[in-house]
Amino acid sequence: MIEAAPLRSSRGRDVWLQFKSHKGALLGCGFFVFVLCFVTIGPAFWTIDPQFIDVRTRNSGMSLAHPLGTDQLGRDMLARLMIGGRTSVAVGIAAMLLSLLIGGLIGILAGFVRRLDGPLMRLTDLFLALPLLPLLLVVILLFRDTLRATFGPETGIFFLIVAVIGITSWMQTARVVRGEVLTVKEREFVIAAKSIGTPAHRIVRRHILPNVLSPIMVSAALGIANAIITESALSFLGLGFPSDFATWGRLLFDATDYLQGYPSRVLWPGLAISLTVLSVNYMGDGLRDSLDPRMRGR
Amino acid sequence: MLVYTVRRMLVAVPTLLFISLILFLLLDLAPGDPTAQLPLTIPSEVKEKIRLSLGLGEPIHVRYLLWLQQFFVNEPLHLLSELTGLDLAGDRPRVISWQSRSPVVDIVVERLPQTLWVVGLSYVVGVLIAVPVGVVSACRQYSWFDQLGTFASMVGFSVPTFFSGVLLIVVFSVHLGWFPSIYDTTHRVTDWDSLLFQVRQMAMPVMVLAFYNAAQISRFMRASTLDNLNLDYVRTARAKGMPERIVILVHVLRNSIGPVVTVIALGVPTIFGGAIITEQVFKVNGLGQLLIISIQASDLPMVQTLTFIFAVLIVLFNLLADLLYGIVDPRIRYD
């Protein structure tokens with residue numbers, strides 16, 4: 001007698017098998033884990049203080065004491081890259097979570113409650129018609145000083161940047177989730193659940209949410225990439241974190257002033273941003289392929 | 001089609017009004033005061049007069065309506081009278097930049113050619129690269145060309161333009177010295193030498209943006225072609241004995257370009273936004289750079305106008321994308 005494997009675990013294994021066969025996704029996943037380790041536990045091993053100014057060793061190239069060299073004030077680039085990456089990745093993940101929360105909520109509401117569908121989708125269209133990067137710059141300019149005064153220079157800007165990126169990037173998630181909810185809603189198991197009198201919130205939590213998880217996961221991966229790029233762009237335009245507070249974008253921006261003398265200093269933060277975003281994008285690609293049943297086995 | 005176009009245009013009006021209201025309220029309700037930067041030695045009654053002269057004394061809805069009138073009636077009239085030489089506008093008040101004290105629209109018109117040249121050209125180059133690359137990758141799926149193209153497009157939209165631009169400056173300006181790293185706007189093309197210089201100074205910003213655009217469009221082109229390649233009509237065309245070249249270039253391309261045209265049209269306004277960074281990297285004094293300096297100088301009328309122009313572009317190209325889709329794909333009917 002053939003024993004039927006429990007459905008959930010077999011689906012999980014299918015997804016994992018497909019994900020494993022996507023070389024880029026696997027590499028991207030590995031690299032992203034490496035970046036996470038680099039920025040979280042890296043400073044525990046590389047104990048040079050990123051703020052320590054040692055003017056005598058300023059502008060030095062690669063050496064054993066400073067593997068990536070030092071900047072114009074003699075601060076160690078490797079330590080600054082670690083601490084800057086911590087902010088960049090934290091902003092990326094926090095903004096992604098916020099945008100998923102908003103996008104998922106609006107998508108599920110619009111898909112599930114027919115009365116809200118029209119207004120919420122018009123709202124989404126409206127947000128899609130906003131010029132986002134200019135608006136981000138304007139909002140940061142306008143609210144920077146107030147938040148800085150309330151929460152302190154770093155935390156205030158962190159909240160502001162996470163909030164503006166989250167609020168301006170939820171639209172795609174909302175649209176995809178709404179479409180998915182609309183199809184899942186008409187499936188037999190939802191109708192069955194409804195017929196035995198399951199309250200709406202439990203239908204959403206137990207039956208609909210698990211089934212729309214895959215598009216949410218894909219947009220999570222792409223959301224991290226988008227948020228990291230946006231944060232770096234803001235820092236690069238000089239409207240991000242304060243100048244003594246390292247992030248990858250800020251390091252890149254500061255290094256462009258010394259472009260002619262020390263081009264390698266531009267390279268490291270730039271590579272860090274690009275490779276992280278690349279790995280996250282590959283992860284998203286692999287996730288999309290492996291979560292789509294039509295792609296499986298190809 | 002005409003009815004659809006008119007209806008869409010009518011829908012665009014409230015959308016734009018709403019966006020303008022959001023922009024107006026955002027700038028108006030934001031903490032901070034345009035007179036806060038003035039020296040403390042100015043007595044408070046003089047400061048109050050300055051506030052009134054900036055038009056800050058009126059209630060908020062009056063100011064919004066006045067701004068609308070200035071933006072939608074006065075400015076187009078002034079622009080028209082400059083173009084035609086007739087005096088249509090009289091002495092209607094204009095939107096004045098706080099930074100330079102000259103009309104906002106004049107400055108925008110001054111800056112527009114640089115942005116259009118660099119951004120527009122890069123978009124054209126990007127599309128010209130992306131469409132063939134996408135089609136060839138789809139026809140030879142999993143070949144080395146496809147692998148390379150897919151990888152390049154992945155890199156293209158993962159590497160932010162502020163890094164690829166700086167990288168190009170390091171390689172081509174600092175090390176090789178082929179191209180100037182700063183865009184010279186005062187340069188006039190009069191003969192072959194100056195044309196060559198113009199081409200050289202435009203090469204890098206155009207390359208950076210073109211690569212970025214091509215990366216995104218070629219992905220769509222590849223996916224769209226792949227969707228079409230396995231359909232019945234392609235098999236029929238091959239069965240009839242059509243050469244592969246005709247099958248791809250006439251049958252498949254015509255059918256798969258539809259969605260891509262939409263993507264291309266939708267991308268135009270985002271390119272204006274993305275060009276903000278590229279203009280900053282290469283010091284092109286276009287619209288994006290104007291936005292940055294006005295933001296840094298808290299020049300609210302300028303920021304308001306520019307952001308609104310970007311919004312108009314987005315709404316306009318959304319409409320254009322939908323109309324183009326109907327033209328490219330005759331099966332789509334807007335009735």
Side-chain angles (χ1 to χ4, degrees), chain A residues 23-24 28 122-123 125-147 149 225 228-230 232-239 248-249 252-253 255-256 259-264 266-267 269-282 285, chain B residues 11-12 15-16 18-19 22-23 26-27 29-32 36 150-151 154-155 157-167 169-171 173-175 181 266 269-270 272-277 280-281 287-288 291-292 294-296 298 300 303-304 306-315 318:
Chain A
K23 288 277 177 309
R122 289 297 79 69
L123 183 76
D125 288 346
L126 204 83
F127 262 85
L128 281 172
L130 290 175
L132 293 179
L133 191 61
L135 211 62
L136 278 178
L137 298 175
V138 173
V139 170
I140 286 175
L141 163 82
L142 292 174
F143 291 92
R144 186 169 49 182
D145 295 335
T146 331
L147 279 170
I228 290 180
I229 286 208
T230 313
S232 316
L234 290 175
S235 295
F236 185 78
L237 293 173
L239 282 160
W248 284 340
L252 182 59
F253 178 57
T256 47
L259 193 58
Q260 278 195 302
Y262 310 98
S264 75
V266 175
L267 203 64
L271 270 183
I273 299 170
S274 308
L275 287 178
T276 309
V277 172
L278 189 68
S279 68
V280 173
N281 274 337
Y282 263 119
D285 239 29
Chain B
V11 174
T15 313
L16 281 179
F18 194 78
I19 291 175
I22 290 183
L23 288 178
L26 189 67
L27 292 179
L29 298 180
T150 321
F151 179 70
M154 206 65 171
V155 171
F157 76 82
S158 295
V159 178
T161 48
F162 52 82
F163 180 50
S164 50
V166 170
L167 213 58
I169 291 183
V170 170
V171 175
S173 297
V174 178
H175 282 293
S181 74
L266 287 180
T270 47
F272 275 92
I276 294 175
I277 294 163
Q280 195 71 8
V281 171
L287 289 185
L291 181 72
I292 300 288
S294 342
I295 282 178
Q296 277 160 357
S298 298
L300 291 191
V303 172
Q304 218 162 15
L306 279 175
T307 342
F308 191 62
I309 289 177
F310 285 130
V312 172
L313 280 176
I314 294 179
V315 173
N318 267 319

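Chain letters run A, B, ... following the sequence lines, proteins first, then strands; residues in each count from 1. All values below were derived from every heavy atom in this structure, side-chain atoms included, with hydrogens, water molecules and symmetry-related copies excluded.
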Contact class of [X] relative to chain B, heavy atoms under 4.5 angstrom:
X: A/Ala225; result: neither
X: A/Leu135; result: both
X: A/Ser279; result: neither
X: A/Phe253; result: neither

Testing the basics here: between [X] and [Y], what is the closest heavy-atom pair and its distance to 0.1 Å?
X: B/Ile314; Y: A/Leu128; result: CG2-O, 3.9 Å
X: A/Val266; Y: B/Phe163; result: O-CE1, 3.8 Å
X: A/Ser232; Y: B/Phe162; result: CB-CZ, 3.3 Å
X: A/Asn281; Y: B/Ser158; result: ND2-OG, 2.9 Å

Tell me which donor-acceptor pairs under 3.5 Å the side chains of residues 270-278 of chain A have, and how far apart each pair is, sequence neighbours excluded?
from: A/Ser274; atom 1: OG; to: A/Gly270; atom 2: O; distance (Å): 2.8
from: A/Thr276; atom 1: OG1; to: A/Ala272; atom 2: O; distance (Å): 2.6

Check each atom of [X] against the heavy atoms of chain A and say whether the ones under 4.5 Å are side chain, backbone, both or neither.
X: B/Val315; value: side chain
X: B/Ile309; value: neither
X: B/Leu16; value: neither
X: B/Phe151; value: both
X: B/Leu23; value: side chain

One should read off an interatomic distance between B/Ile292 CD1 and A/Leu137 CG, to the nearest 0.5 angstrom, of 5.0 Å

Looking at CZ of A/Phe236 and CD1 of B/Ile276, how far apart are the two atoms once the value is rounded to the nearest 0.5 Å?
13.0 Å

Please determine, among B/Val170, B/Ile295, B/Val159, the option with the most heavy-atom pairs under 4.5 Å with chain A.
B/Ile295

Can you list the residues that meet the side-chain hydrogen bond (donor to acceptor under 3.5 Å, both in side chains) rule with A/Asp285, with sequence neighbours excluded?
A/Arg288, B/Arg219

Side chain to side chain contact (heavy atoms under 4.5 Å, CB included) assessment of B/Leu167 paired with A/Leu267:
CA-CA 8 Å; B/Leu167 213 58; A/Leu267 203 64; 3.6 Å; yes

